[in-house]
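FYI, the numbering just counts along the sequence from 1.
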Amino acid sequence: QVQVVESGGGLVQAGGSLRLSCAASGRTFSSYIMGWFRQAPGKEREFVAAFRWSDSLTYYGDDVQGRFTMSRDNAKNTVHLQMNSLKPEDTAVYYCAATGIDGVAWRDETYEHWGQGTQVTVSS
């Protein structure tokens, strides 16, 4: 069984920064793509960023491009999301997701393993 665990959420003022981390674990699991999504109250889940291990490509959603940076540890299955210049509209539950097969990185149906989510709140 694969577990995906996020950490690092919290409350920050507008203009501040937060760093989220995510680790996917499972006895035989090796992630192909790991991604971040977010969901604000009353809104649909939205793509934030994703990293594909095979070619080290990183993808970003339009709303976070230039402000958020996704990175990975040398240990496979661990990624981070550095969020800078945060805005109140970034407030949401942030979910990490992982898949062991290739797919479209910015589509949530690509991922079969999801974390419980971590709350990020940006005050104005």
> How far apart are the closest heavy atoms of Gly103 and Arg52, and which atoms are they?
Replying inline: O-NH1, 3.6 Å
> Atom OG of Ser124 and atom NZ of Lys87: how far apart are they, to the nearest 0.5 Å?
Replying inline: 14.0 Å
> Pick one: which of Val48, Leu18, Thr69 meets side-chain contact (heavy atoms from CB on, under 4.5 Å) with Met83?
Replying inline: Leu18
>> Just verifying a value: how many Å separate Ser31 OG and His113 NE2, rounded to the nearest 0.5 Å?
In response: 10.0 Å
>> Using the rule that Ile, Leu, Val, Met, Phe, Trp and Tyr join whenever any side-chain heavy atoms are under 4.5 Å apart, tell me whether Val64 and Leu86 fall into a single cluster.
In response: yes
> Who are the side-chain contact (heavy atoms from CB on, under 4.5 Å) partners of Arg107, not counting sequence neighbours?
Replying inline: Val104, Glu109, Thr110
> How long is the gap from CE on Met34 to CH2 on Trp53, to the nearest 0.5 Å?
Replying inline: 7.0 Å
> Do the side chains of Cys96 and Phe37 get nearer than 4.5 Å, heavy atoms only?
Replying inline: no
> Counting N and O atoms only, with roles assigned by atom type, does the side chain of Tyr60 sit under 3.5 Å from a partner on the main chain of Arg67, one being a donor and the other an acceptor?
Replying inline: no
> Quick one: are Tyr59 and Met70 in side-chain contact, heavy atoms under 4.5 Å?
Replying inline: no
>> What I want to check is whether the side chains of Thr99 and Glu112 have a donor and an acceptor closer together than 3.5 Å.
In response: yes
> Of the non-hydrogen atoms in Ala98 and Phe29, which two are nearest, and what is the gap between them?
Replying inline: CB-CZ, 3.9 Å
> Is the backbone of Ser25 close enough, under 3.5 Å, to the side chain of Asn77 for a donor and an acceptor to pair up by distance?
Replying inline: no
>> Less than 4.5 Å apart, side chain to side chain, heavy atoms only: is that true for Val79 and Trp36?
In response: yes
> Does CD belonging to Gln119 count more than 12 external heavy atoms closer than 6.0 Å?
Replying inline: yes
> Between CZ of Arg72 and OG of Ser21, what distance do you get to the nearest 0.5 Å?
Replying inline: 14.5 Å
> Mind checking what makes side-chain contact (heavy atoms from CB on, under 4.5 Å) contact with Ala97, not counting sequence neighbours?
Replying inline: Tyr111, Trp114
>> If you define the side chain from C-beta out and look only at heavy atoms, does anything of Val120 sit under 4.5 Å from Leu20?
In response: yes
>> Test your reading of the model: is there a side-chain donor-acceptor pair from Glu6 to the backbone of Gly117, 3.5 Å cut-off?
In response: yes
> Can you tell which of Thr118, Thr91, Asp90 makes a side-chain hydrogen bond (donor to acceptor under 3.5 Å, both in side chains) with Arg38?
Replying inline: Asp90
> Distance from Cys22 atom SG to Leu81 atom CG, nearest 0.5 Å?
Replying inline: 10.0 Å
>> Let's go through Thr58 and Phe51 carefully: what are the C-alpha distance in whole Å and the side-chain angles of both, what is the deciding distance for side-chain contact (heavy atoms from CB on, under 4.5 Å) to 0.1 Å, and is it a yes or a no?
In response: CA-CA 4 Å; Thr58 308; Phe51 178 80; 3.4 Å; yes
>> Assigning hydrophobic clusters by single linkage (Ile, Leu, Val, Met, Phe, Trp, Tyr; side-chain heavy-atom cutoff under 4.5 Å), is Val12 placed with Tyr94?
In response: yes
